[in-house]
Every structure is written in structure tokens, then in C-alpha cells.
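Read the structure below first, then the notes.
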Amino acid sequence: MQKQETRVPFQDQMCQAVIVDTLSSAIHGVQTFTKSLLRSVTLAASVRGAARVPALGLLALGRAPTICWQMQEPRGRLDRLGTAVAQLVDRARLDPGAVSTDDDGTGRLEFALDIVNTEFDDFCSKQAQTSGRLQLTVLTSDPEVIGRLRRWSRAAAAAATGLQKIQVFEVVGPNEATQEAEWCEDMDADGDVEAVPLEVLRTTAGDSAPFDRHFQSWLLEQSTSTEHVRLLLPPLEAPLSLHCDMQAALVSPLSLPFTHRLLLTPEKTGWHAGGRGAVAVYHLEVTGRVARAGLCQSAIHGEPLLLRASACVRQSWDELVANSQSLRSLCSELLASGDVLIARLAGGKTLPDVSGRFAVMPASSAPEGDGGTLLLCSLVPAELVLPPGGPPPYCADEPVPQQVTAEVRRRLAGLSRRVEYNPLEVPCGLSEALAALSQKPSAPHGAANTQAPGPESARPGQPPSSTASSAGPSRGGRAGARGGTTAGARAGSRAGGRVGRGGARGGSGRGRPLFWKEDWAETGQ
């Protein structure tokens, strides 16, 4: 049997260094920039699992470059990072608004870049599992700084410092024209060394959208060591294999606190102890509507739920009938208009309150003549949206050759086509697999467990992370060792330790599933 190919997600994440030119940038530009930075880093540091931002360094480029935040992992240090950002904003407020032109002032960037290199080298020497890759982000309003960065990018490439990309935000006045990203991958005078890719984006001080897109991209998986998916087009004897990379459209709410405010469930699932316990009566406040054609599938996450007329015994017969008629009328109106209702979750007991957004639409799979069934879907909030990835490794403007198009058409023609998808006709073999799993003999009492259970061996009804939670640090280390590298073993050990401690906080350590204590806020348990 052919060995299953594997990959380790988020093992090649880049370390991040940020330089803010407090001498030339306006204070409101620095404030917008740092707020966006802090929002994204807070989200990245709160996601369970592998570190999305393995290290962050923050430096103020004033008359004397100053380290505001030494390069380190932000996870577990967000309070101190907030203090460092506040100190950076204060420096921008106190520094003069004119750019120095003396010799000492023109050398300030080179001094700052030397500091970044030293910080990065020190971090890599202490953390053997780092990818050794660095991305530099610079905020400035001084064209001279950008010119010096262009020249320095060639020297950095020649020195093989680990720098992968330079992103420059040039803040201009509100009346000056902004532009799309300008890529600069110039060669040096001899043409022997290619410069580190440098991207310059001109933006106004109050526009946070470019900053948000850039910092949120840090949460995307940045590994290119192997493809993620191989799509095989028939015939399977000689398939056309299309190699693809998966990219998340959002940060999974299951990896964050306040999951109970972003995903609605009709029961206690495996994430909660024993699958039992009280569930909140949700209150959804309708705030608007949108055309169904304008609701992209990437904006929907989680499992859909059906909403039907209630049969609550506390209501009288007349109330039940009136409620059913109103629901049927709502479904008919939404079908006629092609609209979807947008609702927010109200009544949170946590501070600060988290109000998830949801889409309510007529269910197209409702039985004939039902007319009173709605579909409830969770919508992606702004904080969890991830930007599209970088440019593809080819020129997308080039026309596709005719022979390639003909080959794809030929293979598609060999597939049967259905008018609609009926899930009842497409089983996946889950029942047989669960039955076979339940018939496996259990290990004798007291036998040594020589292999940590992987995601595929989790107990029925329990998510993989629950198994990792009960395993503790030692199992996390063995899981990392099976990844094939010493770095993976260390990362697995740390991840196992963090998950194990999380399980201890959430409940007893006797194999109970991992959950966040905020999940009990709705029920008071």
C-alpha cells in the first residue's frame, strides 16, 4: 500500500518585524496603523493550535531608532504588547513632523535595519523550531526611506538574511492620489543577485482597509513545501491531476473563545461534557436583508439549521396557529423577493458582548406543501475574515492554450450530471466505519499505550482536539515526533502542553472534552 503523504500546517509561518517612521508619519496615520496591527495580532494570538505569528518585533524609527517590542511570540503577552503600542503612539506624537536631513538623520534607517537583523538572529538562535523566514513591514511618509529600502533589499538578498518580503505603506495626504500595490523586484547593477520582493502601497492616513488586509494575511498558512489537495479528473485509470493549495476564507470560530456566540447548536455536542446540559433560548434580532444572490458561500460557516414553527406546549392552540401562519407568510415573501434576512444574536451575558451574525432564508429542501421552513446559517463577522492570498505563481493574464481547454472539456464530458444534489443518494461509508470502530477489542487494563491517538482515532462523538486534550503534553510531543522533524516534536510538545492546561481549566482532567469556560456563560453552569 502506498504510504500516505502528510504535511504539517503552519510550520513555515514567517516572523514579522514592523518599523514605524514616527519622524515623518502623521500621528493619525500611526494611530490607524497600530490599531489595525493590534487587532490582527490579538486575533492571531488567541487562535488555538499552531502559532500563526511565531514572532513579532516592533521598532520606532525616530531620530534615534528605539525597540518598542522585542522580537518574541505575542501569544500570552498581549497586555504588554498593548502597552508597547501605546508607547509607540506617544513617540509619534512627540517626535517632530519634519524629516531630518543631516548625516545622523539619513543613517537612521540603516541603524534600524541592523537592529531588526540582530533581533531576528537572536530569536532564531533561541527558538530552533522557527522557519527562519522574516517579513518586514514599514510605515513611512518619507520617499527617501523607500529609496533606501530598495537599495537595502538587494544587499539583504545577497547576505541571505532570511528576509522574504518587504511591505511598505507610504502614507500620503488626503488630496494626493493613492495607487495599487507597486512591486519592485529590481536586479542589482551586475544582474547577479535578485532583490528581496518589495511592495509599496500608497494610502491615506485614515484608511485602515489596506492595513487590515496586510495584517490579517499573517494568519494565512504560508507554507509552500507541498501542495494541499490533488483534484483527480476521470478516467481514474489515467486521471488529470490538478494540484491545489487550500486557503481558509475565515478563522474558524471553533478555535476561539465565544464560540457559543458565533455558532448556534440545538444540543450540547461533543465539545461539552457528556453532550448534556441546558442550552440557551436564542434571541435573533433581524437587522436587515440582502439579496440571496449577493450572499457568497464563503461568508457562511458552520452547520446549517432548520427553523420550523414551534410546537411549544406552553402556548395555546390559537397562538400556535397564528405563529405558523406568520412563519409561512414570511417564507412566501422571502421566496418572492429572493431576499435573505440578516439577524444578530442578542442577550449575551459576557462582557464585552459578542453578537454573532446569521442569515435566515427559505429552505429549498422543504417538503412539498410545507411552506414554513427556514434555513439558519452562521455568517462570518468582520473580525474573522481572511484576505485573499498573494498573487499566483504565474501570469493570470496569459490566455489558456486551446489544447488545455479541450482536454478539460473532454474529461468533464465523461461525468454524469444531475439537476440537484440529493444527500440521501450519496453515502460516505460512515456507518460501516463507526460499526467497525466499535467492534475493535479494547486494550488490556494497565497496558502501555505506545502510540498517541491521532485525529483519525478519536472516540465517536468526540472531536480530535478533545482527544489531544486528554492526552496531555507527552502525547503532543509524540504527535510532533511523528511529523518527521525535531522541530515538529518540539511544536507538538508545546501544543500538547497548552491543550492539556486548557482542559484542566475547563473541567476535570479525566478525559473530558476541551471547552472554553465562556461556553457556559449562557447557561450559568
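Note: hydrogens, waters and symmetry copies are ignored here, and every other heavy atom, side chains too, is used. Bear in mind the structure is a predicted one, so any value in this text is a computation, not a measurement.
When the shell of 6.0 Å around CD of Glu407 is examined, it contains more than 12 heavy atoms from other residues, nucleotides or ligands. Other residues, nucleotides and ligands contribute more than 12 heavy atoms inside 6.0 Å of the CD atom of Gln403.
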Side chains of residues 112-122: which donor-acceptor pairs under 3.5 Å do they make with residues two or more places apart or in other chains?
from: Thr118; atom 1: OG1; to: Asp114; atom 2: O; distance (Å): 2.9
from: Glu119; atom 1: OE1; to: Met71; atom 2: N; distance (Å): 2.9

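Side-chain atoms of Glu144 never come within 3.5 Å of backbone atoms of Asp142 as a donor-acceptor pair (strictly under, hydrogens ignored). A donor-acceptor pair is defined here as one N or O able to donate and one able to accept, closer than 3.5 Å; such a pair exists between the side chain of Thr287 and the backbone of Ile342. Under the 3.5 Å distance criterion, the side-chain polar atoms of Thr34 are matched with a main-chain donor or acceptor of Gln31. Between the side chain of Thr32 and the backbone N or O of Ala205, at least one donor-acceptor pair lies under 3.5 Å. A donor-acceptor pair under 3.5 Å links the side-chain atoms of Arg108 to the main chain of Leu61, judged by distance alone. The main-chain N or O of Pro234 is found under 3.5 Å from a side-chain atom of Arg411 such that the two form a donor-acceptor pair. Between the side chain of Ser24 and the main chain of Ser141, a donor-acceptor pair closer than 3.5 Å is present. Between the Gln164 side chain and the Gly162 main chain, a donor and an acceptor come within less than 3.5 Å of each other. When atom types are taken as modelled, the side chain of Arg75 and the backbone of Val53 share no donor-acceptor pair closer than 3.5 angstrom. Panel note: side chain Ser223, backbone Phe10; no donor-acceptor pair is recorded below 3.5 Å.
For the pair His214/Pro387, no side-chain contact is recorded, criterion being any heavy-atom separation below 4.5 Å from C-beta on. Between Thr224 and Asp12, every side-chain heavy-atom pair lies at or beyond the 4.5 Å cut-off. Within the 4.5 Å cutoff, the side chain of Leu198 has heavy atoms near those of the Val200 side chain. Put simply, the side chain of Leu88 does not reach to within 4.5 Å of the side chain of Trp69, judged on heavy atoms. Ser225 has its side chain within reach of Gln11: a pair of non-hydrogen atoms, C-beta onward, lies under 4.5 Å apart. Under the 4.5 Å side-chain criterion, counting only non-hydrogen atoms from C-beta, Leu81 is in contact with Leu38. Contact annotation: the side chain of Phe215 never approaches that of Val41 to less than 4.5 Å [non-hydrogen atoms, C-beta and beyond]. Within the 4.5 Å cutoff, the side chain of Leu232 has heavy atoms near those of the Ser241 side chain.
Applying side chain to side chain contact (heavy atoms under 4.5 Å, CB included) to Leu386 and the options Val380, Leu220, Leu250 leaves one that passes, Leu220. Ile19 pairs in a side chain to side chain contact (heavy atoms under 4.5 Å, CB included) with only one of the listed residues (Leu136, Leu139, Thr140), which is Leu136.
Note that the CZ atom of Phe111 and the CG atom of Leu59 stand 9.0 Å from one another [nearest 0.5 Å]. Between atom CD of residue Glu303 and atom CG of residue Leu263 there is a gap of 8.5 Å, rounded to the nearest 0.5 Å. We find the OG-CE distance between Ser217 and Met14 to be 8.0 Å, quoted to the nearest 0.5 Å. The distance from the OG1 atom of Thr22 to the CG atom of Leu94 is 9.5 Å, given to the nearest 0.5 Å. Between the CZ atom of Arg150 and the CD1 atom of Ile166 there is a distance of 10.5 Å, given to the nearest 0.5 Å. To the nearest 0.5 Å, atoms CZ (Phe123) and CG (Leu134) are separated by 10.5 Å.
When every heavy atom of His301 is checked against every heavy atom of Leu262, the shortest pair comes out as CE1-O, 3.7 Å. Smallest separation of non-hydrogen atoms from Pro381 and Val385: O-CG2, 3.3 Å. Here the closest heavy-atom approach between residue Gly132 and residue Cys124 is recorded as CA-SG, 4.3 Å. The shortest non-hydrogen separation linking Gly62 to Leu23 is CA-CB, 4.4 Å. Residues Ser36 and Ser208 share a closest heavy-atom pair of OG-O, 4.3 Å. What you find for Ala51 and Gln13 is that their closest heavy atoms are O-CG, 3.6 Å.
Between Gln216 and Ser40, the side chains place a donor N or O and an acceptor N or O closer than 3.5 Å (distance only, hydrogens not considered). Side-chain contact annotation: Ser355 with Arg344, donor-acceptor N/O pair under 3.5 Å present. If you check the side chains of Gln135 and Gln16, you find a donor sitting under 3.5 Å from an acceptor.
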Apply side-chain contact (heavy atoms from CB on, under 4.5 Å) to Val168 and Leu201, showing your working.
CA-CA 6 Å; Val168 182; Leu201 180 63; over 6 Å; no
Show your reasoning for whether side-chain contact (heavy atoms from CB on, under 4.5 Å) applies to Phe33 and Val171.
CA-CA 10 Å; Phe33 179 84; Val171 180; over 6 Å; no
List the steps, then state whether side-chain contact (heavy atoms from CB on, under 4.5 Å) holds for Gln222 with Arg133.
CA-CA 10 Å; Gln222 299 159 1; Arg133 303 165 71 232; 4.3 Å; yes
Kindly indicate, with the supporting measurements, whether the criterion side-chain contact (heavy atoms from CB on, under 4.5 Å) is fulfilled by Leu58 and Leu37.
CA-CA 10 Å; Leu58 186 59; Leu37 169 67; 4.2 Å; yes
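The side chain to side chain contact (heavy atoms under 4.5 Å, CB included) search around His228 returns Arg7, Glu221, Asp245, Met246, not counting sequence neighbours. In this structure, Arg77 has no salt bridge (charged side-chain N to carboxylate O under 4.0 Å, His left out) partners at least two apart in sequence or on a different chain. Residues meeting the side-chain hydrogen bond (donor to acceptor under 3.5 Å, both in side chains) test with Ser131, sequence neighbours left out: none.
Listed by first and then second residue, the salt bridge (charged side-chain N to carboxylate O under 4.0 Å, His left out) pairs involving residues 203-215 are Arg39-Asp212 (not counting sequence neighbours). Applying the salt bridge (charged side-chain N to carboxylate O under 4.0 Å, His left out) rule to pairs touching residues 79-91 yields Asp90-Arg93, sequence neighbours excluded.
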